[in-house]
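Throughout, protein chains are lettered first and strands after them, A, B, ... in sequence-line order, and every chain is numbered starting at 1. Values below: all heavy atoms of this structure, side chains included; hydrogens, waters and symmetry mates excluded.
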Number of protein chains: 2
Amino acid sequence: MNINEVARKAGLPAKTIRYYEEIGLIRPLRGGNGYRAFRDSDMHKLSFIARARGLGFSIEECRKLLALYDDKGRASADVKALAEEHLVQIAGKIRELRAMEATLQGLVRACAGDHRPDCPILTGLADAGDACCA
Amino acid sequence: MNINEVARKAGLPAKTIRYYEEIGLIRPLRGGNGYRAFRDSDMHKLSFIARARGLGFSIEECRKLLALYDDKGRASADVKALAEEHLVQIAGKIRELRAMEATLQGLVRACAGDHRPDCPILTGLADAGDACCA
DNA sequence: CTTGACCTTCCCGTGACTGGAACCCCTATC
DNA sequence: GATAGGGGTTCCAGTCACGGGAAGGTCAAG
């Protein structure tokens, strides 16, 4: 398979696939013309990576997951530990975003939103009011 | 005021303040020795930026907010529109993260997490199972 | 033989900084 | 006067995960 076919099937841009090869996530073969020749196993790895990225795993986490995927003697506990650590990260980001959202909603509610210049949003940002930062 | 004093008061690293000057967010004066000389107004702007960044506004959004802050004839509606647009972005990110979290929690729950190699997390990532991506 | 689609590498740009090197300035002490 | 230290300055490179685009090789069809 050539790169664009793989890209379509995996749902990734060709550029991204070249990048993944460059950083050693995948190692496709090469044809005599210099074109990358993707095997089914490369395809599967790319789909795997695409889904892991879709769940928010970083490239380095994907690398670890791929290593476990390839290691037939792995312990599922190791995979679960990685996933649970990532869940903690996700939960932390959600908490941060919800705090931002709450603060900003408070400011927006207080703002008339008309033609006048008085704006509680700006004064809230300027004065370090009690309604501030996460 | 010199840069480190301002940095301490605004709760920003000195490096960040130099960066903000470089991109034109602030324009502190210069003393005869080449040192930056921050006025109170620079201080206020930096605190303003720090809080806006803490609420997740991008640098370019901060630039717009600062312009409105400086414009005594602004309409609060303009500020409110910016804030509401940002709230939409935040809500979108929260939704994405919650979807990731839900999917990953489902996989983690299904995983025994013992010494055996069988792992629903890995097969879930590999097989594009029905329990997948946001 | 040419056209056009595909492939290749290479290099620069993104956002918002962070780290480090190399160097100037100011004060205090010996 | 020399020196030590704790400021400050600039510039360069790196981060993360790619994306854009140029310059050029390859392939199948007409």
Per-nucleotide protein contact string for nucleotides 1-7 of chain C (B base, S sugar-phosphate only, - none; heavy atom under 4.0 Å) = -----BS

Counterpart residues, side chain to side chain contact (heavy atoms under 4.5 Å, CB included), relative to B:Arg116 (two or more places apart) =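 By the side chain to side chain contact (heavy atoms under 4.5 Å, CB included) rule, B:Arg116 matches B:Ala112, B:Asp114, B:Asp118.
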
Can you name the side chain to side chain contact (heavy atoms under 4.5 Å, CB included) partners of B:Tyr69, sequence neighbours left out?
->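 Once residues adjacent in sequence are excluded, the partners of B:Tyr69 under the side chain to side chain contact (heavy atoms under 4.5 Å, CB included) criterion are A:Leu122, A:Ala126, B:His44, B:Phe48, B:Leu66.
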
With [X], which residues qualify under salt bridge (charged side-chain N to carboxylate O under 4.0 Å, His left out), at least two apart?
X        : value
B:Arg39  : B:Asp42
B:Arg109 : none
A:Glu5   : A:Lys9

Go through the structure and list residues passing side-chain hydrogen bond (donor to acceptor under 3.5 Å, both in side chains) with B:Arg36, not counting sequence neighbours.
-> B:Glu21

side-chain hydrogen bond (donor to acceptor under 3.5 Å, both in side chains) partners for B:Lys15, two or more places apart = none

Pairs touching residues 61-74 of chain B that satisfy salt bridge (Lys or Arg N to Asp or Glu O under 4.0 Å), sequence neighbours left out = B:Lys45-B:Asp70, B:Glu60-B:Arg63

A:Arg30 side-chain N/O to C:dT9 phosphate OP1/OP2 under 4.0 Å =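 Affirmative; the distance criterion is met.
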
Quick one: on DNA chain C, does B:Asn33 or B:Glu60 contact a more 5' nucleotide (nearest heavy atom)?
-> B:Glu60

Taking side chain as C-beta onward, heavy atoms only, is [X] less than 4.5 Å from [Y]?
X        : Y        : answer
B:Glu84  : A:Leu104 : no
A:Leu46  : A:Tyr20  : yes
A:Leu107 : B:Leu55  : yes
B:Ile94  : B:Ile90  : yes

Between the two ends of the helix from C:dC1-D:dG30 to C:dC30-D:dG1, what is the bend in degrees, rounded to 10 degrees, where each end axis spans five pairs?
->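 Inter-axis angle at the ends, rounded: 40°.
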
Considering only heavy atoms of chain A and a distance under 4.0 Å, specify the first and last nucleotide of DNA chain D in 5' to 3' order that meet this criterion.
->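 Reading along DNA chain D, I get D:dA17 to D:dC27.
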
Give every pair of a protein N or O atom and an N or O atom of nucleotides 17-19 of chain C that lie under 3.5 Å apart, one pair per line with the distance.
unit_1, atom_1, unit_2, atom_2, d
C:dC17, OP2, B:Tyr20, OH, 2.7
C:dC17, OP2, B:Arg53, NE, 2.9
C:dC17, OP2, B:Arg53, NH2, 3.4
C:dT18, OP2, B:Thr16, OG1, 2.9
C:dG19, N7, B:Lys15, NZ, 3.0
C:dG19, O6, B:Lys15, NZ, 2.7

Kindly work out whether a path of hydrophobic side-chain contacts (I/L/V/M/F/W/Y, heavy atoms less than 4.5 Å apart) joins A:Tyr35 to A:Ile17.
-> no

